[in-house]
Amino acid sequence: MEEFWRIVGEDGRIEPRDVMPEDYRASLVRQIAQHAHSEIIGMQPEGAWISRAPSLRRKAILMAKVQDEAGHGLYLYAAAETLGVDRGELLDKLHDGRQKYSSIFNYPTLTWADIGTIGWLVDGAAIVNQVPLCRCSYGPYARAMVRVCKEESFHQRQGFEALHTLSHGTPEQHAMAQDAVDRWWWPSLMMFGPHDAESTHSEKSMAWGVKRFSNDDLRQRFVDMTVPQAEALGLTLPDPDLRWNEERGHYDFGTIDFTELFEVIKGNGPCNAERMATRRGAHEAGAWVREAANAYADKHARRTA
Ligand code: ACO
């Protein structure tokens with residue numbers, strides 16, 4: 001293991017064939033699989049608005065964005081497979097609840113303003129969390145993150161623009177934008193995970209160079225970045241305790257209700273059952289595609305042999 005720690009210590013990259021501690025490998029499979037699952041489940045709340053987008057332009061943008069999420073899932077499943085697992089096995093674990101996906105995708109998208117808000121807040125939080133992962137110690141994960149982050153930046157900008165249009169539209173549109181922000185703000189802060197003191201994996205992940213910053217540090221970075229953006233949008237973040245702290249050089253913010261996060265993670269969020277039912281249904285409906293792909297691959301393998 002000396003070589004592993006040397007590479008990590010020198011901020012190098014661990015590659016699939018390098019020797020690595022078993023718990024490093026297992027923790028990466030856990031995190032990358034959870035990340036991949038989040039990407040494909042994340043297609044659902046936004047996919048629900050493709051047919052109801054208010055214009056052809058908005059529809060085209062939303063379709064491209066939802067397709068991007070599918071692509072992110074594919075890069076991430078491919079990165080997980082370099083650790084010796086099979087994506088079919090990972091999907092089985094998602095479907096029977098042995099692996100998780102992000103809490104954020106268990107909230108409903110009630111109005112068109114939710115689509116802009118997801119782009120602005122949810123993708124904004126994802127960028128803050130994922131940019132440091134571009135420098136994570138596991139090469140295939142770090143490289144997958146580079147492209148994911150570029151696409152997430154586009155998603156965040158389009159969300160901001162859509163929300164800006166609503167916020168500066170009619171009073172009804174402004175109210176719709178504000179309502180969406182009121183509902184998504186706290187769940188977005190929960191995306192960063194529990195407080196550092198309650199985070200089971202942080203210490204090891206940081207020693208391994210997988211995590212570069214703690215959950216609370218990234219959450220603070222997100223708040224600091226988002227407050228001026230909310231001002232530019234003319235929208236209010238629903239937290240009376242949010243104020244600039246000159247001494248800390250950061251915004252203070254209110255107490256997060258982590259019981260809500262843990263309930264959502266346990267499966268008790270507003271849309272968990274619906275998301276999983278849709279996911280399982282999509283998997284079953286796609287069985288014939290997997291069978292056909294396997295039959296085609298077998299035929300080619302036989303011909304080559
Ligand atoms: N939703 C669901 N589960 C969560 C969340 C969340 N928002 N936050 C933490 N958890 C889970 C962890 O997976 C862990 O459970 P496990 O042991 O069963 O895996 C437990 O809560 C304790 O959390 P931590 O010890 O802090 O977990 P970790 O060190 O893995 O940090 C984090 C969590 C920050 C989400 C990390 O895994 C990460 O950076 N992942 C990659 C990014 C990602 O998955 N993003 C998905 C959403 S973004 C998008 O798709 C647009």
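These numbers come from a predicted model, not from an experiment. For ligands, and for the atoms within them, numbers begin at 1 and follow the listed sequence. In what follows, residues are counted from 1 in the order of the sequence shown.
The shortest N/O to N/O separation between Glu152 and ligand 1 does not fall below 3.5 Å. At least one N or O atom of Asn215 sits closer than 3.5 Å to an N or O atom of ligand 1.
Distances from atom 1 (N) of ligand 1 to the heavy atoms of Ser27, Ser103, Gly42 put Ser103 nearest. Closest heavy-atom approach to atom 27 (O) of ligand 1 within the set His201, His72, Lys266, Met191: this belongs to His201. For atom 15 (O) of ligand 1, the candidate residues are Lys100, Met206, Arg219; the nearest heavy-atom contact is made by Lys100. Nearest to atom 24 (P) of ligand 1 by heavy atom, out of Pro132, Ser38, Ser199, is Ser199. Here atom 4 (C) of ligand 1 lies nearest to Ile265 when heavy atoms of Ile41, Leu76, Leu218, Ile265 are compared.
Salt bridge annotation for Arg13-Asp18: absent, with no cationic side-chain nitrogen under 4.0 angstrom from a carboxylate oxygen. Classification of Glu161 and Arg58 as a salt-bridged pair holds, one side-chain N sitting under 4.0 Å from a carboxylate O.
No hydrogens or angles considered: nothing links the side chains of Asn215 and His195 as a donor-acceptor pair under 3.5 Å. With hydrogens and angles left out, the side-chain atoms of Asn268 and Glu263 include a donor and acceptor closer than 3.5 Å. Defined by atom type and a distance below 3.5 Å, a donor-acceptor pair is present between the side-chain atoms of Tyr101 and Asn106. Between the side chains of Thr226 and Tyr251, no donor N or O sits under 3.5 Å from an acceptor N or O. Between the side chains of Asp196 and Ser202, no donor-acceptor pair is found at a separation under 3.5 Å. At a cut-off of 3.5 Å, with distance as the only test, no side-chain donor of Asp216 or Gln220 sits close to an acceptor on the other residue. Side-chain contact, Asp252 with Asn245: a donor N or O sits under 3.5 Å from an acceptor N or O.
In His35, the parts holding a heavy atom less than 4.0 Å from any atom of ligand 1 are both the side chain and the backbone. Within the 4.0 Å heavy-atom criterion, the part of Met190 lying near ligand 1 is the backbone and not the side chain. Looking at Glu69 against ligand 1, nothing comes within 4.0 Å, counting heavy atoms. Of the heavy atoms in Pro194, only side-chain atoms (C-beta onward) come closer than 4.0 Å to ligand 1. No part of Phe258 comes within 4.0 Å of ligand 1, judged by heavy-atom distances.
Taking a cut-off of under 4.0 Å to the non-hydrogen atoms of Ala126, the atoms of ligand 1 that pass are 48 (S), 51 (C). The contact set between ligand 1 and Arg30, taken as ligand atoms under 4.0 Å from a residue heavy atom, comprises 13 (O), 19 (O), 30 (O). Close approach of ligand 1 to Gln130 is summarised as follows: ligand atoms under 4.0 Å from at least one heavy atom of the residue are 45 (N), 48 (S). Taking every heavy atom of Glu39 and a limit of under 4.0 angstrom, the matching atoms of ligand 1 come to 50 (O). Proximity to Gln34 (heavy-atom distance under 4.0 Å) selects the following atoms of ligand 1: 2 (C), 3 (N), 4 (C), 13 (O), 19 (O).
For the pair Tyr141 and ligand 1, a heavy-atom separation below 4.0 Å is found. In this structure, Gln99 falls outside the shell of residues with a heavy atom less than 4.0 angstrom from ligand 1.
The protein non-hydrogen atom at the shortest distance from atom 22 (C) of ligand 1 is Thr200 OG1, 3.3 Å. The protein atom (non-hydrogen) at minimum distance from atom 40 (N) of ligand 1 is Gln31 NE2, 3.5 Å. Of all protein heavy atoms, the one lying nearest to atom 49 (C) of ligand 1 is Phe105 CZ, 3.9 Å. Ranking the protein heavy atoms by distance from atom 47 (C) of ligand 1 puts Ser102 CB, 3.6 Å first. Of the protein's non-hydrogen atoms, Gly193 CA, 3.2 Å is the one closest to atom 8 (N) of ligand 1. Scanning the protein heavy atoms around atom 39 (O) of ligand 1, the nearest turns out to be Asn129 ND2, 3.0 Å. Looking from atom 33 (C) of ligand 1 to the surrounding protein, the closest heavy atom is Lys211 NZ, 4.4 Å.
If you look at Tyr77 and His37, their ring centroids are closer than 6.0 Å.
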Kindly list each side-chain donor-acceptor pair under 3.5 angstrom involving residues 298-305, sequence neighbours excluded, with atom names and distances?
residue: His300; atom: NE2; partner: Tyr296; partner atom: OH; Å: 3.1
residue: Thr304; atom: OG1; partner: His300; partner atom: O; Å: 2.6

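Residues passing the side-chain hydrogen bond (donor to acceptor under 3.5 Å, both in side chains) test with Arg17, sequence neighbours excluded: none.
In this structure, Cys271 SG and Phe105 CZ are separated by 12.5 Å, a value rounded to the nearest 0.5 Å.
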Given Trp208 and Phe4, is the side chain to side chain contact (heavy atoms under 4.5 Å, CB included) satisfied, shown in steps? CA-CA 9 Å; Trp208 287 324; Phe4 171 85; 4.0 Å; yes
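Just one residue in the list Trp186, Phe213, Phe222 forms a ring pair (Phe, Tyr, Trp, His ring centres under 6.0 Å) with Phe192, and that residue is Phe222. Here the rule is side chain to side chain contact (heavy atoms under 4.5 Å, CB included) with Ile118, and of Tyr107, Trp49, Trp184 only Trp184 fits it.
Distance check for atom 43 (C) of ligand 1: a protein heavy atom is found below 4.0 Å.
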